[in-house]
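Nothing here was measured: the structure is a model prediction, and the numbers come from that model.
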Amino acid sequence: MFLSVFDLFKIGIGPSSSHTMGPMTAAARFLDEILTGDWPRPAGAKVDRVGASLHGSLAYTGVGHGTDRAVMLGLYGLTPVTVDPDQTDGIVEQISRDKQVSPEGHPSYRFDPGIDLVLDKKTPLLGHANGMAFYAYDAGERLLLKRIYYSIGGGFVVSEEELQRMKAKTVAPATGKRVPYPFANAVEMLAMASRSGLSIAEMKRANEEIHMQRVDLDAGLDAVWEAMSRCIDRGLSQDGIMPGGLKVRRRARQLHDKLQEQWSQNRPNPLLANDWLSIYAMAVNEENAAGGRVVTAPTNGAAGTLPAVLRYWLHFHVEADKDSIRDFLLTAAAVGGIIKTNASISGAEVGCQGEVGSASAMAAAGLCAVMGGTPEQVENAAEIALEHHLGMTCDPVGGLVQVPCIERNALGAVKAVTAASLAIKGDGKHFVPLDAAIETMRQTGMDMSEKYKETSLGGLAVNVVEC
């Protein structure tokens, strides 16, 4: 199945692509099902009340991640793209007060969040750890429609039927023309690069341009980077306590001011690049934790790593330009697509190795490419970054994407730059192939206890006292 660069880089709101963007999208899909879906409609029956239940990881950490709010906003008729983060508090308060939702194009439906939104920690949905069910009732409380959806990471949402087809590998091929350079793994990618003489970014561009005009592709890539860059800048301008109850203070602005002072005084700092990388990543993830607008890269929980490395490229490399930004994103998306196809980018499936580990691999590949790396060196950079995240658990304290998530993105960015630097100094030949690292990540995720996969039932989540 063809994965576009814009499947991996989605503009939406925090704090979680699986817990916020996915459920909001699922709620919007359910509304569409009510109006246009193929389901038996009893004569004269009208939907009067809607409800939802969250299961698995969504139930355990849903409140901390804002899943309850996301479902309410989705049933209100909003999507991750259309929602204004500055308006969400007022909308949630309105729904709670009026006990109804009135999405555009629909009549008003009764919906009392205290009753109709259930966090069911006892009944897992077997398809995926991030499962949710939506219900529609008539005025006599007769169940008219039930739909199950799964938020499978990176803002992707599938129905129960779609998930079964994915697992059976019977997903229908993507609509449109066959892409000229189809690759499902790194071996195929490198073989095609060798035969064609093209870079990974050039092959990815050619594939994308089967589905859209070049001008639209470039405009979309520019919009992705603009959203990432604005998120960094806003994160560097904000301070105060982040929401959620842990009383974690924003640090990016204060650290940024200190670095700016050192920069202006021309004081030597051997760790300067690492410091800038860390601050850029923290700025994004503090914005994400506060529910701001971010870009999945490939998830919200890992949204800071890739933008930090890209901003580092622009900051420290004089050859950086707009075309190199596009090549960076295209290369990163090619690697991210391979990881998602063969393993997972979902913390609820494989732990944080699938989120920050994937983000670091994507960022390392993109940076190596724009620094002049060959396809073999790019693949090596991605492998190094991913290999050294293997086994990383997802154990957010209090179910919030704050501790250890914010600093974890910073270290993912540092690892990405280190991986790219190591790879570009070599000849591309290395011991562990990227495909082997991806398969190892998948197997490790399968073996990992559920308490280390975004449930906040193990690791730091139980060994750090919430303040």
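Here the straight-line distance linking atom CZ of R234 with atom CG of L236 works out to 12.0 Å at 0.5 Å rounding. Between the CG atom in N380 and the CG atom in L190 there is a gap of 10.0 Å [rounded to 0.5 Å]. Distance CZ/F30 to CE/M132: 12.5 Å, rounded to 0.5 Å. To the nearest 0.5 Å, the span separating CG on D216 from CZ on F6 amounts to 9.0 Å. Taken from NE2 in H388 to CG in L411, the straight-line distance is 14.0 Å, to the nearest 0.5 Å. Considering SG of C394 and CD of E454, their distance stands at 4.5 Å, rounded to 0.5 Å.
Under the 3.5 Å distance criterion, the side-chain polar atoms of D395 are left unmatched by any main-chain donor or acceptor of A461. Between the side chain of Q377 and the backbone N or O of G426, at least one donor-acceptor pair lies under 3.5 Å. For E208 (side chain) and V5 (main-chain N/O), a donor-acceptor pair under 3.5 Å exists by modelled atom type. A donor-acceptor distance shorter than 3.5 angstrom exists from the side chain of S151 to the backbone of S18, with no hydrogens or angles considered. No donor-acceptor pair closer than 3.5 Å links the side chain of T299 to the backbone N or O of E355. Although no hydrogens or angles enter the test, the distance criterion places no donor-acceptor pair under 3.5 Å between the side chain of E383 and the main chain of P433. Between the side chain of N409 and the main chain of G301, a donor-acceptor pair closer than 3.5 Å is present. A donor-acceptor contact shorter than 3.5 Å is absent between the side chain of S278 and the backbone of V414. Side-chain N or O atoms of K453 include none that pairs as donor or acceptor with a backbone N or O of V350 at under 3.5 Å. Between the S456 side chain and the P396 main chain, a donor and an acceptor come within less than 3.5 Å of each other.
Residue pairs meeting the salt bridge (charged side-chain N to carboxylate O under 4.0 Å, His left out) criterion with at least one member in residues 21-30, sequence neighbours excluded, are R29-E162. Residues in residues 414-426 take part in these side chain to side chain donor-acceptor pair (under 3.5 Å) pairs, two or more places apart or across chains: S421-K425.
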Audit row: L400, M242, side-chain contact (heavy atoms from CB on, under 4.5 Å) steps and yes/no: CA-CA 10 Å; L400 301 168; M242 287 176 285; over 6 Å; no

R326/W225 under side-chain contact (heavy atoms from CB on, under 4.5 Å): CA gap, chis, key distance, verdict: CA-CA 9 Å; R326 295 167 179 167; W225 169 239; over 6 Å; no

With salt bridge (charged side-chain N to carboxylate O under 4.0 Å, His left out) as the test, would you mind laying out the steps for D239 and R249 before giving the verdict? CA-CA 7 Å; D239 51 25; R249 182 174 296 278; over 6 Å; no

Does the pair D427 and E376 meet the rule for a side-chain contact (heavy atoms from CB on, under 4.5 Å), with working shown? CA-CA 8 Å; D427 59 5; E376 291 77 15; over 6 Å; no

Apply side-chain contact (heavy atoms from CB on, under 4.5 Å) to M441 and S358, showing your working. CA-CA 10 Å; M441 189 252 278; S358 296; 3.8 Å; yes

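Annotation: side chain of L221 is not in contact with side chain of I325 (no heavy-atom distance under 4.5 Å). Here the side chains of Y149 and H128 are not in contact, with every heavy-atom distance at 4.5 Å or above. Residues L277 and V309 have side chains in contact (heavy-atom distance under 4.5 Å, counting atoms from C-beta outward). Contact of the K340 side chain with the D7 side chain is not registered, since no non-hydrogen atoms from C-beta on lie closer than 4.5 Å. Between H317 and V370 the shortest side-chain heavy-atom distance does not fall below 4.5 Å. Under the 4.5 Å side-chain criterion, counting only non-hydrogen atoms from C-beta, L314 is not in contact with F328. Between N342 and R442 there is no side-chain heavy-atom pair separated by less than 4.5 Å. No side-chain heavy atom of S17 sits under 4.5 Å from any side-chain heavy atom of K10.
More than 12 heavy atoms of other residues, nucleotides or ligands lie within 6.0 Å of CG in L271, so this atom counts as buried by the packing criterion. Other residues, nucleotides and ligands contribute only 12 or fewer heavy atoms inside 6.0 Å of the CD atom of Q213. Atom OH of Y452 has 12 or fewer heavy atoms from other residues, nucleotides or ligands within 6.0 Å. Atom CD of E188 has more than 12 heavy atoms from other residues, nucleotides or ligands within 6.0 Å.
Between D233 and R230 there is no salt bridge, since no side-chain N of the basic residue sits under 4.0 Å from a carboxylate O of the acidic one. No salt bridge links E161 with R147; every basic N to acidic carboxylate O contact stays at or beyond 4.0 Å. A salt bridge is absent between R205 and D327; no separation between the charged side-chain nitrogens and carboxylate oxygens falls under 4.0 Å.
Residue A252 comes nearest to M282 through the heavy atom pair CB-C, 4.2 Å, listed as atom of the first residue, atom of the second, then distance. Between C368 and A420, the shortest heavy-atom distance links the atoms N-CB, 3.9 Å. Here the shortest heavy-atom pairing between Q402 and A289 reads CG-CB, 3.8 Å. When all heavy atoms are compared, the tightest approach of L306 to A297 is CB-CB, 4.2 Å. In this structure, P23 and T67 approach most closely via the heavy-atom pair CG-CG2, 3.6 Å. Between T440 and A436, the shortest heavy-atom contact is OG1-O, 2.7 Å.
Under the 3.5 Å distance criterion, with hydrogens and angles disregarded, a donor-acceptor pair is assigned to the side chains of E439 and Q443. Defined by atom type and a distance below 3.5 Å, a donor-acceptor pair is missing between the side-chain atoms of E450 and T455. N300 and S16 share no side-chain donor-acceptor pair at under 3.5 Å. If you check the side chains of S57 and H19, you find a donor sitting under 3.5 Å from an acceptor.
When ring centroids are compared, H256 and Y280 stay outside the 6.0 Å threshold.
A cation-pi arrangement, defined by a distance under 6.0 Å to the six-membered ring centre and an angle within 45 degrees of its axis, is absent between K451 and Y60.
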